[in-house]
Amino acid sequence: MVNSDWLVDSLNANKLLDWKKYSLRKAENPISFASVKSRSLSLTGESDIDVLQDIDSDNESIDLGLLASQKGNQPLERKKPMDSSCPGFIKTYFEHSRLHFLSTWKQDLVFEIAEKIKTKPVPKTTNRIVFHIDMDCFFVSVILRKYPQYNDKPVVVAHSEKGDENSTSEIASCNYVARKYGITNGSFVGRAKELCQDLVVLPYDFEEIKQCTTELYNVLYENSDYMQAISCDEAVIDVSTVIKDHTPESSLEYAEFLRTEIKAKTGCNASVGIGPNPLLARLAVNFAKPNSKYFLDDIESVLDTPVGKLPGVGYQAKKKFASIDIHTIKDLQTLQVGKLKQIFGEKNGSAFYNIARGIDTRTLQNKARQTIGSDVNWGIRFKTQDQLEIFMKEFADEVFKRMKQAGLNCNHLTVKLKERDYAGEPWKFLGCGKCKDYSKAVNLDRIANSGDVIYKNSMNIINSFKIPVQELRGIGLHLKENGKVDIKQPKLDFTKRKPKTKVANFKRLKVDFPAVEVGNIPDYLIPSFSQIDPQIFKLLPKQIQKEQEELAKLKKKPIKKRVESKIAVFLDETCVKTITGWILEWCEMLTDIPDTLDMKLVIDYLHDLVDCSDMENCLTILQLIRNRLIKKNGKGPAWKSDTFMEIYNSVDDFIYSKYSNRLRLLDLD
DNA sequence: ATCCTCCCCTAC
DNA sequence: TAAGGTAGGGGAGGAT
Ligand SMILES: Nc1ccn([C@H]2C[C@H](O)[C@@H](COP(=O)(O)OP(=O)(O)OP(=O)(O)O)O2)c(=O)n1
Ligand SMILES: [Mg+2]
Ligand SMILES: [Mg+2]
């Protein structure tokens with residue numbers, strides 16, 4: 001029941017358009033799929049957009065961003081809207097984002113069911129009876145319990161309190177009365193108000209919703225053989241043995257029993273689709289709604305169903321089908337596999353082929369998540385780099401927090417960016433509008449062990465795109481475990497490069513830590529001194545040798561810390577400080593051109609800092625080295641300045657190779 | 001051929 | 001005012 005209006009809107013003018021013009025434009029310039037590739041979609045005639053954009057860049061953008069800066073006009077001023085340039089934005093944003101709740105709830109449910117279900121036997125895969133249960137207009141049903149006077153009114157749930165005519169607030173859920181007016185989940189309040197003057201807009205009640213979900217899930221879990229969590233208002237259950245007699249009547253009767261239970265526990269209506277597999281059960285629930293049940297054991301009985309109703313057929317696929325004159329399941333059945341694959345690709349092609357025939361062999365599963373990430377594509381407005389950095393610090397901390405919570409040890413970071421691709425303000429209040437999308441990933445070379453590691457790497461990636469901060473409209477941070485990457489020795493000491501460490505070892509980290517074989521702590525976990533190449537060790541200045549031996553004794557402690565936190569701690573500031581100390585002592589002790597191996601160690605270390613995006617420390621150390629090797633007045637032995645320049649140039653080259661940025665000597669001041 | 005990176009699409 | 005998130009599947013096209 002998802003509506004794609006906003007997507008179309010955002011791809012278009014990104015402006016607050018008069019609704020009538022809006023509808024006209026849509027009617028006159030239908031989207032043509034055939035000619036364009038999705039990346040460069042220009043959906044309507046350019047001239048229209050330009051004209052309309054001009055109209056409101058005059059009256060709207062002035063209106064929106066009014067700051068309370070003028071001193072004289074306190075009563076009249078409008079507050080600056082809370083956007084990403086305000087510290088603390090992230091928190092408020094996620095507290096109010098229904099889609100954030102939807103996603104996190106889903107993850108929680110999948111996790112909970114996955115744990116609980118281990119005690120139940122895995123059902124057979126033949127002769128199944130599968131129920132797909134979905135609450136009717138869930139968010140609305142929940143809030144209507146508090147407002148029974150609106151039961152028979154057209155009702156939606158949205159943030160818009162006043163529900164005024166040009167509200168760009170999105171409707172999370174609308175009841176079936178409202179649907180008669182053409183309102184759908186995902187439409188905008190303003191538009192919905194136009195379609196229906198009497199529309200009642202009610203607020204979210206996330207607490208109550210969560211409560212209902214718990215009740216729903218309890219009923220389903222207790223009364224089924226097996227279960228797959230789908231969302232906060234939806235689940236699939238296997239009832240093949242619960243229902244003894246595999247007749248439609250028995251199934252329907254059992255469905256009615258579940259619906260009654262759910263109604264009793266939640267006060268809300270559930271609908272049930274019944275089928276021999278999850279696909280047909282899913283299709284059946286469409287026919288069951290609202291407030292009923294439907295038995296569907298053969299796709300042939302619903303061949304008139306529009307292809308758009310099929311799972312996996314969304315906005316884009318629907319357009320593709322329309323463009324080749326395929327409208328119903330029956331139409332779809334006429335297409336050969338080859339044709340489908342040609343249009344939708346290998347996998348999707350054969351998926352659609354099977355769906356059209358009601359074929360679905362999937363079993364019910366609650367798969368553990370593999371990635372964790374977050375996106376903010378609303379309210380992203382920066383004027384300065386500082387604002388961006390403050391935001392990113394909060395964002396990185398948030399994502400790191402979630403990573404810990406999820407129990408993942410991620411070593412791979414993806415940053416997603418949206419860059420404004422229109423003039424002025426977008427159509428939706430603080431929306432991202434039509435954007436160019438970018439993403440870039442890095443291997444962290446270590447498990448992300450602090451918000452700071454994520455922050456630094458993110459900033460490097462963001463900066464490498466060279467998008468003016470004012471143009472940013474969306475930011476995403478995503479983490480995963482990249483088992484294919486060789487986990488290198490944390491290279492923050494003067495250690496010889498460690499040969500590749502096997503993935504298997506890395507994987508054990510989170511499950512069975514620290515039970516690693518060989519009777520040793522795995523060496524990729526510890527900046528280990530025992531593994532320093534003895535030859536290199538000998539070459540180190542005496543002072544350093546001694547310190548290393550001392551430090552080696554301390555090294556066992558961090559392990560405990562890791563066990564507790566379940567997160568590997570590879571580096572911390574004290575570690576960097578210690579090594580910086582060694583380097584500086586070494587600088588001061590020099591009496592002649594340094595040993596090449598010592599040079600290499602120092603340079604490697606600085607490269608490592610660059611590698612883990614710790615530019616700050618890298619530059620600081622460079623600066624400290626320079627201060628020790630080059631006098632302010634420029635005098636001093638040539639070999640000293642040569643030594644510094646060799647280090648400096650090497651680091652500069654390395655940074656350039658990685659980020660296409662040149663250091664300037666000025667940066668060190 | 002197969003893999004990798006940067007996307008795009010879908011569902012709720 | 002308004003809160004357009006998130007995870008997984010998969011494809012295009014270049015690298016290997
Ligand atoms: N674009 C959307 C779609 C859904 N939801 C939320 C609100 C819905 O109530 C809930 C469940 O989604 P459904 O697709 O099941 O839709 P409803 O339950 O609202 O209606 P239906 O009776 O069609 O299931 O998810 C949302 O916030 N935004
Ligand atoms: Mg529902
Ligand atoms: Mg649902």
Side-chain angles (χ1 to χ4, degrees), chain A residues 1-2 4-7 9-10 37-39 41 63-66 78-84 89-107 109-110 134-135 138-139 158-164 166-170 172-173 185-186 188-190 204 229-235 282 310-320 341 344-349 351 367-380 402 406 412 414-416 418 426-433 435-442 473-474 476-478 480 482 484:
Chain A
M1 320 300 154
V2 185
S4 296
D5 282 359
W6 72 265
L7 179 61
D9 294 330
S10 65
K37 221 182 123 42
S38 57
R39 188 69 209 288
L41 272 182
D63 195 33
L64 278 177
L66 273 186
R78 181 152 349 153
K79 258 211 206 147
K80 181 184 186 254
M82 174 74 154
D83 64 23
S84 62
F89 172 74
I90 301 238
K91 185 159 178 290
T92 12
Y93 178 62
F94 285 131
E95 278 168 5
H96 291 90
S97 165
R98 92 221 192 245
L99 291 173
H100 168 68
F101 279 104
L102 224 51
S103 297
T104 48
W105 284 335
K106 175 180 172 142
Q107 281 310 307
L109 290 166
V110 168
D134 186 305
M135 304 297 285
F138 189 45
F139 284 19
H159 280 301
S160 169
E161 275 163 39
K162 288 185 230 138
D164 85 34
N166 23 9
S167 165
T168 64
S169 175
E170 231 174 284
S173 181
N185 289 1
F188 297 99
V189 168
Y204 293 85
I230 302 288
S231 79
C232 64
D233 87 325
E234 204 169 334
R282 176 67 188 82
L310 296 175
V313 179
Y315 180 73
Q316 297 295 333
K318 220 175 342 193
K319 279 197 302 184
K320 286 194 185 185
K341 288 184 175 178
F344 296 101
E346 190 65 28
K347 295 274 179 61
N348 289 332
K367 288 193 200 159
R369 78 147 109 212
Q370 300 299 309
T371 71
I372 169 265
S374 184
D375 299 270
V376 180
N377 295 319
W378 187 88
I380 296 294
R402 292 190 201 178
H412 185 270
T414 304
V415 177
K416 296 202 296 170
K418 282 180 180 288
W427 176 81
K428 183 178 167 62
F429 178 67
L430 287 182
C432 62
C435 284
K436 285 190 217 133
D437 289 326
Y438 306 94
S439 84
K440 199 165 170 49
V442 280
R473 286 297 176 272
L477 296 180
H478 295 257
K480 67 171 175 177
N482 192 351
K484 283 178 203 114

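Keep in mind it's a predicted model, so treat the numbers as computed, not measured. Residue numbers start from 1 in every chain, and the chains themselves are labelled A, B, ... in the order their sequence lines are given, proteins ahead of strands.
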With rounding to whole Å, what would you report as the distance between C/dG4 and B/dC9 at their C1' atoms?
16 Å

Would you indicate, yes or no, if [N] has its OP1 or OP2 atom less than 4.0 angstrom from a side-chain nitrogen or oxygen of [X]?
{"X": "A/R98", "N": "C/dG4", "result": "yes"}
{"X": "A/S169", "N": "C/dA3", "result": "yes"}
{"X": "A/K416", "N": "B/dC7", "result": "no"}
{"X": "A/Y93", "N": "C/dG5", "result": "yes"}
{"X": "A/S167", "N": "C/dA2", "result": "yes"}
{"X": "A/H100", "N": "C/dT6", "result": "yes"}
{"X": "A/S160", "N": "C/dA2", "result": "yes"}

Minimum-distance nucleotide (side-chain atoms of [X] versus [options]):
{"X": "A/Q316", "options": "C/dG4, B/dT10, C/dT1", "result": "B/dT10"}
{"X": "A/D437", "options": "B/dC7, B/dT10, C/dA3", "result": "B/dC7"}
{"X": "A/K428", "options": "C/dT1, B/dT10, C/dA2", "result": "C/dA2"}
{"X": "A/W378", "options": "B/dT10, C/dG5, B/dC12", "result": "C/dG5"}
{"X": "A/Y315", "options": "C/dT1, C/dA2, B/dT10", "result": "B/dT10"}
{"X": "A/N377", "options": "C/dG4, B/dC12, C/dA2", "result": "C/dG4"}

Residues at least two apart in sequence or cross-chain that pass salt bridge (Lys or Arg N to Asp or Glu O under 4.0 Å) with A/K91, listed by chain then number, are A/E95

What is the minimum heavy-atom distance between [X] and [Y], and which atoms define it?
{"X": "A/H412", "Y": "A/A441", "answer": "CE1-CB, 3.4 Å"}
{"X": "A/F139", "Y": "A/S173", "answer": "CB-CB, 3.7 Å"}
{"X": "A/T92", "Y": "A/H96", "answer": "O-ND1, 2.7 Å"}

Euclidean distance, atom [atom1] of residue [X] to atom [atom2] of [N] [Å, nearest integer]:
{"X": "A/Y438", "N": "B/dC7", "atom1": "OH", "atom2": "P", "answer": "8 Å"}
{"X": "A/K106", "N": "B/dT10", "atom1": "NZ", "atom2": "P", "answer": "16 Å"}
{"X": "A/E234", "N": "B/dA11", "atom1": "CD", "atom2": "C1'", "answer": "9 Å"}
{"X": "A/K341", "N": "C/dA12", "atom1": "NZ", "atom2": "P", "answer": "13 Å"}
{"X": "A/F188", "N": "C/dA2", "atom1": "CZ", "atom2": "C1'", "answer": "12 Å"}
{"X": "A/F89", "N": "C/dA3", "atom1": "CZ", "atom2": "P", "answer": "11 Å"}
{"X": "A/K436", "N": "B/dC8", "atom1": "NZ", "atom2": "C1'", "answer": "17 Å"}

Would you classify [X] as touching base, sugar-phosphate or nothing, given that sugar-phosphate means primed atoms plus P, OP1 and OP2, and contacts are heavy atoms under 4.0 Å?
{"X": "A/L310", "answer": "sugar-phosphate"}
{"X": "A/F94", "answer": "sugar-phosphate"}
{"X": "A/D164", "answer": "nothing"}
{"X": "A/A158", "answer": "nothing"}

Closest-nucleotide ordering on DNA chain C, the 5'-leading residue of A/G163 and A/L102:
A/G163

Taking C-beta and beyond as the side chain, do [X] and [Y] meet within less than 4.5 Å on heavy atoms?
{"X": "A/Y93", "Y": "A/H100", "result": "no"}
{"X": "A/F89", "Y": "A/V376", "result": "yes"}
{"X": "A/R369", "Y": "A/K106", "result": "no"}

Enumerate the protein-to-nucleotides 7-10 of chain C contacts in which both atoms are nitrogen or oxygen and the separation is below 3.5 Å.
unit_1: C/dA7; atom_1: OP1; unit_2: A/R369; atom_2: NH1; d: 2.6
unit_1: C/dA7; atom_1: OP1; unit_2: A/G373; atom_2: N; d: 3.4
unit_1: C/dA7; atom_1: OP2; unit_2: A/G373; atom_2: N; d: 3.2
unit_1: C/dG8; atom_1: OP1; unit_2: A/Q370; atom_2: N; d: 3.2
unit_1: C/dG8; atom_1: OP2; unit_2: A/Q370; atom_2: N; d: 3.4
unit_1: C/dG8; atom_1: OP2; unit_2: A/T371; atom_2: N; d: 3.4
unit_1: C/dG8; atom_1: OP2; unit_2: A/T371; atom_2: OG1; d: 3.2
unit_1: C/dG9; atom_1: OP1; unit_2: A/K367; atom_2: NZ; d: 3.4

Angle class for the A/W105/A/F101 ring planes (parallel below 30°, perpendicular above 60°, tilted otherwise)?
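Tilted.
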
When you measure from the side chain of A/T168 to the backbone of A/F429, do you find a donor-acceptor pair of N or O atoms at a distance under 3.5 Å?
yes

